[in-house]
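See structure below.
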Amino acid sequence: VNKNKTMPKVRRSRRKPPVGWEIIESTIDEFDEKMKEAVDAPHEGKRKTESLWMVHRIHYERNRYIFDLYYKQHQITKELYDWTISEKISDAALHAKWKKPGYEKLCSLLAVSKGGHNYGAVSVCRIPLKERSPDRRVPSVETGCISCCSSDPGAPIWWDAPTSLWRDLDD
């Protein structure tokens with residue numbers, strides 16, 4: 001029993017991390033700590049799905065960090081990138097979507113999974129803000145994302161973003 005009330009460090013496999021891990025390790029540990037806090041945060045007064053919004057956001061941020069380091073900034077090796085995927089530190093399916101046109105800012109795979117939406121549609125956050133009426137510019141129930149449409153500036157826009165980013169747009 002852990003008497004300090006702190007969760008143990010996230011376990012990784014016994015495989016030795018590749019060269020370059022020390023560059024990203026502290027940031028990944030910070031994301032892991034934020035994730036633990038989000039999971040342990042009180043959820044009284046919130047809808048069941050609202051309590052998971054921060055988890056989706058942290059998952060997005062961690063994956064975006066690794067994706068950008070490899071594909072945009074070229075600061076980590078392919079070996080390290082593949083290792084993060086095999087260790088489940090990053091999400092290969094989300095990265096694959098980000099490489100496709102129109103999905104560059106996708107918040108979560110839940111937003112495009114057709115099984116969880118009426119009529120095989122996608123989440124409301126995938127519809128451009130300008131095409132939605134002001135009363136439909138609300139966070140996605142599943143992820144808390146207001147817009148992850150590639151055509152919207154500043155996307156993804158999360159539930160806690162300033163309303164000036166998404167509420168009153170010139171039509």
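Predicted, not measured: the structure shown is a model, and the values here were computed from it.
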Mind listing the closest non-hydrogen atom pair of [X] and [Y] along with its distance?
X      : Y      : result
Lys130 : Arg137 : CA-NH2, 4.3 Å
Cys148 : Ala155 : CA-CB, 4.0 Å
Leu106 : Ala111 : CD1-CB, 4.1 Å
Ala38  : Ile58  : CB-CD1, 3.8 Å
Lys97  : Val112 : CE-CG2, 4.1 Å
Ile66  : Ile76  : O-CD1, 4.1 Å

**OP:** May I ask you to say whether Arg57 pairs ionically with Glu61, meaning some side-chain N is under 4.0 Å from a carboxylate O?
**Re:** yes
Original post:
Does Asp32 pair with Arg62 as a salt bridge, N-O distance under 4.0 Å?
Top reply: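 Yes, this pair counts.
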Original post:
Between Trp83 and Trp21, how do the two ring planes meet: parallel, tilted or perpendicular, split at 30° and 60°?
Top reply: perpendicular
Original post:
Using the ring of each side chain (for Trp, its six-membered ring), is Trp98 parallel, tilted or perpendicular to His95, with breaks at 30° and 60°?
Top reply: parallel
I need the [X] [atom1] to [Y] [atom2] distance, nearest 0.5 Å.
X      : Y      : atom1 : atom2 : value
Cys107 : Asn63  : SG    : CG    : 12.0 Å
Glu104 : Ser150 : CD    : OG    : 4.0 Å
Ile157 : Thr163 : CD1   : OG1   : 11.0 Å
Thr143 : Trp158 : OG1   : CH2   : 5.5 Å
Ser90  : Arg64  : OG    : CZ    : 12.5 Å
Glu79  : Ser86  : CD    : OG    : 10.0 Å

Original post:
Can you check whether Lys48's main-chain N or O pairs, donor with acceptor, with Glu50's side chain at less than 3.5 Å?
Top reply: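 Not confirmed, Glu50 side chain does not pair with Lys48 backbone.
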Answer yes or no: is there a side-chain heavy-atom contact under 4.5 Å between [X] and [Y]?
X      : Y      : value
Lys99  : Tyr71  : yes
Arg132 : Val138 : no
Ser108 : Cys145 : no
Leu69  : Ile23  : no

**OP:** Answer yes or no: are there more than 12 heavy-atom neighbours, outside Tyr65 itself, under 6.0 Å from its atom OH?
**Re:** yes
**OP:** Taking atom NZ of Lys72 as the centre, report whether more than 12 heavy atoms of other residues, nucleotides or ligands fall under 6.0 Å from it.
**Re:**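 Counting other residues, nucleotides and ligands, NZ of Lys72 stays at 12 neighbours or fewer.
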Subject >> Audit row: Leu80, Ile24, side-chain contact (heavy atoms from CB on, under 4.5 Å) steps and yes/no >> reply: CA-CA 10 Å; Leu80 178 56; Ile24 65 171; 4.1 Å; yes
Original post:
ring-ring contact (aromatic ring centres under 6.0 Å, His included) with Tyr70: which residues, sequence neighbours excluded?
Top reply: Tyr81
Original post:
Please walk me through it: do Glu25 and Ile28 pass side-chain contact (heavy atoms from CB on, under 4.5 Å)?
Top reply: CA-CA 5 Å; Glu25 182 177 20; Ile28 298 300; 5.8 Å; no
Original post:
Listed by chain and number, what are the side chain to side chain donor-acceptor pair (under 3.5 Å) partners of Ser133, not counting sequence neighbours?
Top reply: Asp135
Original post:
Passes side-chain contact (heavy atoms from CB on, under 4.5 Å), Met54 versus Glu37? Steps please.
Top reply: CA-CA 10 Å; Met54 188 53 109; Glu37 289 171 11; over 6 Å; no
**OP:** Could I get the full list of salt bridge (Lys or Arg N to Asp or Glu O under 4.0 Å) partners for Lys78, not counting sequence neighbours?
**Re:** Asp82
Subject >> side-chain hydrogen bond (donor to acceptor under 3.5 Å, both in side chains) between Ser140 and Glu142, worked out >> reply: CA-CA 5 Å; Ser140 163; Glu142 298 94 358; 2.8 Å; yes
Original post:
Same cluster for Leu110 and Val141 if Ile/Leu/Val/Met/Phe/Trp/Tyr side chains link at under 4.5 Å?
Top reply: no
